[in-house]
Protein chains: 4
Amino acid sequence: MGTPHSPRSDTRARIIEVSLELFSEQGYEQTSLREIADRLGVTKAALYYHFKTKDDIVLGIVERMAAPIDETIEWGRQQSWSPGMRDELIRRFADGMAERAPLLRFFHENQPALRDSPAGLAFRNRMVTMIQLVHGPEADFRERLRATMALFTVHSAMFLLKQDTSGCGHGDSVWGEPLQAATLAEAIGAAREVALEIGGRISHPAPAHS
Amino acid sequence: MGTPHSPRSDTRARIIEVSLELFSEQGYEQTSLREIADRLGVTKAALYYHFKTKDDIVLGIVERMAAPIDETIEWGRQQSWSPGMRDELIRRFADGMAERAPLLRFFHENQPALRDSPAGLAFRNRMVTMIQLVHGPEADFRERLRATMALFTVHSAMFLLKQDTSGCGHGDSVWGEPLQAATLAEAIGAAREVALEIGGRISHPAPAHS
Amino acid sequence: MGTPHSPRSDTRARIIEVSLELFSEQGYEQTSLREIADRLGVTKAALYYHFKTKDDIVLGIVERMAAPIDETIEWGRQQSWSPGMRDELIRRFADGMAERAPLLRFFHENQPALRDSPAGLAFRNRMVTMIQLVHGPEADFRERLRATMALFTVHSAMFLLKQDTSGCGHGDSVWGEPLQAATLAEAIGAAREVALEIGGRISHPAPAHS
Amino acid sequence: MGTPHSPRSDTRARIIEVSLELFSEQGYEQTSLREIADRLGVTKAALYYHFKTKDDIVLGIVERMAAPIDETIEWGRQQSWSPGMRDELIRRFADGMAERAPLLRFFHENQPALRDSPAGLAFRNRMVTMIQLVHGPEADFRERLRATMALFTVHSAMFLLKQDTSGCGHGDSVWGEPLQAATLAEAIGAAREVALEIGGRISHPAPAHS
DNA sequence: CATGAATGAGTCTTCATTCAT
DNA sequence: GATGAATGAAGACTCATTCAT
């Protein structure tokens, strides 16, 4: 009851962990509760002790992982828009996502499955808000699009990295040798910079040609 | 009634049409063959007359829709890389995708479901090839990432537009009034330009004649 | 119309041929009309031009293959029972079946599928009649059983031969080297002799120990 | 009602029981899981709780029923071949099968359906081993055939008895009155003796001490 | 905390069969 | 003689979920 982080049961935590893993590897629909339970060495019924619903697990995932986004959003809300604030926003987002890359990937790749679920909404709303904060008020379509691209860059980095892994043997990986050492961390670093460049052209609210 | 004996059943084509529609609206896994069949006014078995497998329908979709990508790839292969060629490549891709926006969206949002399927491979391979053509040989991670983002911009434009549509009443659409008139066509136009800007900074690490 | 063996269409014959082949290889239920049609290079619908029903094909098989049994039965009906007649009956049966071994095997291994079908009945009745002719009137259970075994010996020879073939690599074939040369024909020859021995103890109607 | 909290659900056992019943009555392919479930008063899904697969049910059947064969095989392996041992082997097999007659019949009549299934293999391997033990080493084709026939006699007895039962009214049962009293037990008794006679002529090609 | 047993709805798929052409 | 298109019934199997214990 009382103490916030009492070790009450780490099962709940492990469920979230394993679920995120499987969900991002195989997709939400492709991952069955049996699979999750098996990998945890418990029964399906046990999952239902901790979560009311499959979707509820996703909600759990979001709650545990979305904290940095929320902080960034909170910070963003207290600033007024300026190019510098925009850059800082992107920077914070990219850094916050560094350790949560799989989460981003998971939500991007499972939109249809989560479209109507509370968890899906919860996440999409956060992304939409972030995008709005980045492009600021009264932005036109181009600028909104740039903001979107800037934020999605982190996710796309994942896409690129995956090519290397999943290009199982049939040649033509995106990387030849130059990339042998690109760890996920390095990739995210690079993604941050590219994201800044992409977002960088959003000049607002006073356009240059006024 | 029109033509007496129907021009030899366009059912196959209609299946592809309707399937793409449903697949992109609800996702691949979330769309059952019954649903497709019902909307077409035929039986599930009829689908199996025309396609060996649910996945085979997706393959059909790809085949009918990917022609412009293939042409662009073909063109790209015959050029040698240069900034101008890169821009032209992006331009052609964006234009080709203009009428096929749902296809892009469909594949992006259903990666997990299609990961191991022939159809999924077929499409991902095309995308990977396009990306490689855009960034050209010997590009580093940042440049590859830019290339990726440039091409994905078209898809992200879809994401933005959808917010407007699917934000069914519960607030927080990305667009308030300013976007009331942004037709899909206009959006793609804008996406093309943004894509060009994003791709634009790829400047090859000074070739021999620097 | 007229001439008995006019070459009207050898398709019918080929259907029977191929069907028997597939039916005995894989079983009746496990063989679909599509499979038969494919192997013949025609459409399923074509099969329905020649046969009213899947079961009707089996009937066709029986009709074309059961002639020798019918002749043997006919002959048997005109004799009165004696040990010599019994032996001759077995001999004729075994010889007649020599070229139709697959047929026997097919019916034996597909009894459940054909239990209630006309074709199944047609064949089982023939076998029952043969058995009755072999053991003669007023035989007791033991003698009937012997008669049955004598006739089934031909089929069991098939079982043995198959072991050799289908024991795909996991060792322990029924035959080591001594059997390398046992062709189907030789096997049937041997089966005939064993069948005679097995049937041979049926001494009837005047038992020796009376 | 009887025992308060049921002895922990004998459902698994009942599934096996009912399945064997239906499988032998109608054949493996002709029996649907719905049928089994219905007769048990449970849902199809319940079957899948206890067995991974339809085929797995057959495996369950084999495991529960094949114990006596395994014991006989075990015993046979520890003897060295002699006519007496051979007779004892056949005797034990026949006795062991007395209560499991339907099992034998089931496997014989469903070979095609089970040919490639684990359950089918499991059973066929046992039979092949038994046959080898009966005819001993260095037997020729005739002797192997005799061994086979000896063991199959038990099954053939079933065939005969069935004629009586399933010849439902449309004439030609193998038995008229003389068999009214032949219970299954008696039949197996007779089969045992016939099997012994049939196996009896296997006389090994004069070993060293001839 | 967790399990064992079971459910009901739904999935994809296959098949024998029909019929207009 | 044969095909192309379609059907209706059924099949095996999977899944999220529930509940008594």
R126(D) (side chain) donor-acceptor with A66(D) (main chain) under 3.5 angstrom: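 No.
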Could you tell me the separation between the [atom1] atom of [X] and the [atom2] atom of [N], rounded to a whole number of Å?
X      : N       : atom1 : atom2 : value
F51(A) : dC15(F) : CZ    : P     : 20 Å
R14(B) : dA6(F)  : CZ    : C1'   : 13 Å
Y49(D) : dT18(F) : OH    : C1'   : 14 Å
H50(D) : dG4(E)  : NE2   : C1'   : 9 Å

E29(D)/K54(D) salt bridge by N-O under 4.0 Å criterion: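 The answer is no: the pair does not qualify as a salt bridge.
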Which of these passes salt bridge (charged side-chain N to carboxylate O under 4.0 Å, His left out) with E21(D): R14(D), R105(D), R39(D)?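 The salt bridge (charged side-chain N to carboxylate O under 4.0 Å, His left out) with E21(D) is passed solely by R39(D) among R14(D), R105(D), R39(D).
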Aromatic ring pairing F23(D)/F106(D), orientation class (parallel under 30°, perpendicular over 60°, tilted between):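 Taking F106(D) first and then F23(D), their aromatic rings lie parallel (interplane angle under 30°).
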Will you find, in the side chains of E25(C) and Q30(C), an N or O donor that is under 3.5 Å from an N or O acceptor?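 Side-chain D/A pair, E25(C) to Q30(C): absent.
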Roughly how far apart are S19(D) OG and F51(D) CZ, rounded to 0.5 Å?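 Going from the OG atom of S19(D) to the CZ atom of F51(D) covers 7.0 Å.
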Five-pair end axes of the helix from dA2(E)-dT21(F) to dT21(E)-dA2(F) and the angle they enclose, rounded to 10°: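 Answer for the end axes of this duplex: 20°.
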Got a list of protein N/O to nucleotides 11-15 of chain E N/O distances below 3.5 Å?
| residue | atom | partner | partner atom | Å |
| --- | --- | --- | --- | --- |
| dT11(E) | OP1 | S32(B) | OG | 3.2 |
| dC12(E) | OP1 | K54(B) | NZ | 3.0 |
| dC12(E) | OP2 | L33(B) | N | 3.0 |
| dT13(E) | OP1 | T53(B) | OG1 | 3.3 |
| dT13(E) | OP2 | Y48(B) | OH | 2.4 |
| dT13(E) | OP2 | K54(B) | N | 2.9 |
| dT13(E) | O5' | Y48(B) | OH | 2.9 |
| dT13(E) | O4 | K44(B) | NZ | 3.2 |

Please examine the side chains of V42(C) and Y49(C), heavy atoms only from C-beta on, and report whether any two atoms are closer than 4.5 Å.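 In short, these two side chains do not touch, never coming nearer than 4.5 Å.
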